[in-house]
Amino acid sequence: LLTVTGNDAIVDWVTIELRPMGAASTIQLQQAALIQRDGDVVDAQGNSPIYLGGSLPTGSYHVAIRHRNHLGVMNTTAVIVN
């Protein structure tokens with residue numbers, strides 16, 4: 001995956017977090033993801049969309065994306081995960 005060139009070349013990584021609605025400071029699930037040169041975010045195998053595995057109760061969650069050199073972002077409207 002790291003030998004790919006062009007728009008799909010890996011240039012950096014981020015952490016994707018799911019945080020329960022009403023407890024946005026609590027990280028329920030966390031997974032690393034890769035950023036391609038064209039801005040796509042893919043999993044460690046280069047797949048998109050990213051599958052966030054693990055045991056996660058059905059509910060509403062905020063999605064946060066954190067980068068090592070930039071401010072993290074989190075959506076204000078929670079998304080339903082089932």
Side-chain angles (χ1 to χ4, degrees):
L1 187 61
L2 296 177
T3 61
V4 175
T5 60
N7 285 338
D8 290 337
I10 302 301
V11 295
D12 214 339
W13 62 275
V14 292
T15 303
I16 300 172
E17 301 170 347
L18 293 182
R19 300 170 178 223
M21 189 169 126
S25 63
T26 302
I27 299 171
Q28 186 76 34
L29 182 72
Q30 183 178 46
Q31 182 167 332
L34 303 171
I35 302 175
Q36 294 178 336
R37 182 173 286 136
D38 62 3
D40 293 338
V41 179
V42 298
D43 67 13
Q45 287 74 41
N47 300 316
S48 180
I50 297 169
Y51 172 73
L52 299 173
S55 61
L56 189 65
T58 298
S60 296
Y61 294 89
H62 295 282
V63 179
I65 299 179
R66 297 173 45 149
H67 183 272
R68 60 191 167 86
N69 293 333
H70 300 283
L71 291 173
V73 295
M74 182 169 57
N75 62 340
T76 56
T77 305
V79 295
I80 298 172
V81 175
N82 56 15

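Start at 1 with the first residue, then count along the sequence.
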Ile80 CD1 to Thr58 OG1 distance, which is reported to the nearest 0.5 Å = 10.0 Å
Does some side-chain heavy atom of Tyr61 sit less than 4.5 Å from a side-chain heavy atom of Leu56?
-> yes
Is the closest side-chain heavy-atom distance between Arg19 and Gln28 below 4.5 Å?
-> no
State plainly whether one hydrophobic cluster holds both Trp13 and Ile50, where clusters connect Ile, Leu, Val, Met, Phe, Trp and Tyr through side-chain heavy atoms under 4.5 angstrom apart.
-> no
Co-membership, hydrophobic cluster, residues Val63 and Val73, 4.5 Å side-chain = yes
Under 3.5 Å, is there a donor-acceptor pair between the side chain of Arg37 and the main chain of Val11?
-> no
Shortest non-hydrogen contact from Met21 toward Ala78 | SD-CB, 3.7 Å
Crowded around Met74 CE? As in, over 12 foreign heavy atoms under 6.0 Å?
-> yes
Transitively linked via ILVMFWY side-chain contacts under 4.5 Å: Ile27 with Ile65?
-> no
Closest non-hydrogen atom pair, Gln36 against Asn7 = CB-O, 3.7 Å
Do Leu18 and Val42 sit in the same hydrophobic cluster, where Ile, Leu, Val, Met, Phe, Trp and Tyr count as joined when their side-chain heavy atoms come under 4.5 Å apart?
-> no
Taking C-beta and beyond as the side chain, do Val41 and Ile16 meet within less than 4.5 Å on heavy atoms?
-> yes
Leu1 with Val14, same ILVMFWY side-chain cluster at under 4.5 Å | no
